[in-house]
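The chains referred to below are lettered A, B, ... by the order of the sequence lines, with proteins before strands, and numbering in each begins at 1.
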There are 2 protein chains.
Amino acid sequence: MTNIKFDSYSYLLDRTARRVKGYAQQKFASGDFDVTVDQWLILKSLDNDKYLKQKELAEITGKDNPTLTRIVDLLCKKGLTERITHKDDRRSFTVHLTAAGTAKLEELSPRVNEVRMKAWENLTEEDYEQLKTILNKIYQNLES
Amino acid sequence: MTNIKFDSYSYLLDRTARRVKGYAQQKFASGDFDVTVDQWLILKSLDNDKYLKQKELAEITGKDNPTLTRIVDLLCKKGLTERITHKDDRRSFTVHLTAAGTAKLEELSPRVNEVRMKAWENLTEEDYEQLKTILNKIYQNLES
DNA sequence: TGCTAATATTTAGTATGACAAATATAAAAT
DNA sequence: ATTTTATATTTGTCATACTAAATATTAGCA
């Protein structure tokens, strides 16, 4: 018999993820962070790996290419990142942080962590580990 | 010290939820379900409670009012639901399934469950329970 | 070399999601 | 009874997703 509860689990997952993102977005907005949650994710990725092709950035952040293009567009318009033609492959752009982008990252890092923490209150270390494991299993179940 | 890992957990949650929804959406599309995942959620809610005000539907499905209005617009355009002026409150509409909507629900139910199951393969009963508990804790941490 | 297939990015179209403001109606208050 | 306040829905705007198609460039192969 097909089990009906999986549909509800999917809904629960979706709802929770939306609330976590929405809560952060509200705090980002009210705190005048001047970036969205998704834009922040790109900045952080570029802090870890200084020069990334958009393709790689998309891979790392789990965004598709069109979405990534638009987020990078917005970040460039804000002067936080810039596109540089890839030296070996003229199809590609390398994206990296500008000085302003680096400054923004420094400025926001502690404040973002502050905001992010709220969702995870009252969870034990074990909860984190279990959640991580389960989410990764689900992710892999749907791989390609 | 502010703990940096909460930002990654948030990302992991977001990424997983997007993949679960995206996977289902792909199957919905390739199987010619003719509804989106979110539209399906509305249909299912209307199957549980036959006559709901849009406000109530929004509450139940966790959508905001403008989003709900638009999803119902699409469902009505497809002839799967209809809006009826509320008898006591002319500000409100009551939404309910048409015959076509009921038929669609019958037809898709088993196929949706089939699709939804995939994400949860290899998870134990205990995993489900833990996930549910943890997600609900997170949800409540961010309540209003 | 020249042709074909693959890859990186962008553009276009539709749907969702959040927020603010507009509209219509109802309920509360004076 | 009239004014104020609250509620239900809609509309507008921007950002994010996903798909498909367009463009540019590179790589592989006959």
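Residues Arg91(A) and Gln54(A) each lie close to DNA chain C; by heavy-atom proximity, the contact nearer the 5' end of the strand is made by Arg91(A). Mapped onto DNA chain D by nearest heavy atom, Ile71(A) and Asp88(A) fall at different nucleotides, with Ile71(A) at the one closer to the 5' end. In terms of position on DNA chain C, the residue among Asp89(B) and Gly62(B) whose nearest nucleotide sits closer to the 5' end is Gly62(B).
For Glu107(B), the CD atom counts as densely surrounded, since its 6.0 Å shell holds more than 12 non-hydrogen atoms of other residues, nucleotides or ligands.
Rounded to whole Å, the distance from NZ on Lys21(A) to P on dT16(C) is 16 Å. Whole-Å rounding puts the Lys87(A) NZ to dA8(C) P distance at 15 Å. Atoms CZ (Arg15(A)) and C1' (dA18(C)) sit 18 Å apart, rounded to a whole Å. Between Trp40(B) atom CH2 and dA15(C) atom P the separation is 19 Å, expressed in whole Å. Atom pair Ile84(A):CD1 and dT9(C):P shows a separation of 13 Å (rounding to whole Å applied). To the nearest angstrom, P of dT10(C) lies 13 Å from CG of Asp64(A). As a whole-Å value, the separation of Leu68(A) CG from dA8(C) P is 13 Å. Across the protein-nucleic acid pair, Glu56(A) atom CD and dA8(C) atom P stand 9 Å apart, rounded to whole Å.
One finds a side-chain N or O of Arg83(A) lying less than 4.0 angstrom from the OP1 or OP2 phosphate oxygen of dT10(C). Of the side-chain N and O atoms in Lys55(A), none sit less than 4.0 angstrom from OP1 or OP2 of dT7(C). When the side-chain nitrogen and oxygen atoms of Thr36(B) are compared with OP1 and OP2 of dT16(C), one or more of them lie within a distance under 4.0 Å.
For the residue pair Thr124(B) / Asp127(B), a side-chain donor-acceptor distance below 3.5 Å is found, with atom types taken as modelled.
How far CG of Asn141(B) is from NZ of Lys137(B): 8.5 Å, rounded to the nearest 0.5 Å. For the atom pair CG (Leu135(A)) and CG (Leu13(A)), the distance works out to 6.5 Å, reported to the nearest 0.5 Å. A distance of 12.0 Å separates CG of Leu12(B) from CG of Asp7(B), quoted to the nearest 0.5 Å. Interatomic distance, CD of Gln25(A) versus OG1 of Thr36(A), reported as 5.5 Å (0.5 Å rounding).
Contacts between residues 22-31 of chain A and DNA chain D, counted as heavy-atom distances below 4.0 Å, involve no residue at all.
Using a 4.0 Å heavy-atom criterion, one finds that Ser92(B) contacts the sugar-phosphate atoms exclusively.
Mapping heavy-atom proximity under 4.0 Å, the span of DNA chain D touched by chain B runs 5' to 3' from dA6(D) to dT19(D).
Nearest heavy-atom pair across Lys118(A) and Leu142(B) is CG-CD2, 3.5 Å.
Judged by distance alone, with hydrogens and angles left aside, Arg70(A) brings a side-chain donor or acceptor within reach of the base of dA12(C), the pair sitting under 3.5 Å. In terms of polar N and O atoms assigned as donor or acceptor, the side chain of Arg90(B) never comes within less than 3.5 Å of the base of dT25(C) in a complementary pairing.
Under the 30°/60° scheme for interplanar angles, the aromatic rings of Phe28(A) and Trp40(A) are found to stand perpendicular.
Annotation: cation-pi pair Arg19(B)/Tyr139(A) present, NZ/CZ under 6.0 Å from the ring centroid and within 45° of its normal.
Among the nucleotides dT9(C), dT16(C), dT7(C), the one closest to the side chain of Asp38(B) is dT16(C).
Grouping the Ile, Leu, Val, Met, Phe, Trp and Tyr side chains by contacts below 4.5 angstrom, directly or via other members, places Leu57(B) apart from Leu41(B).
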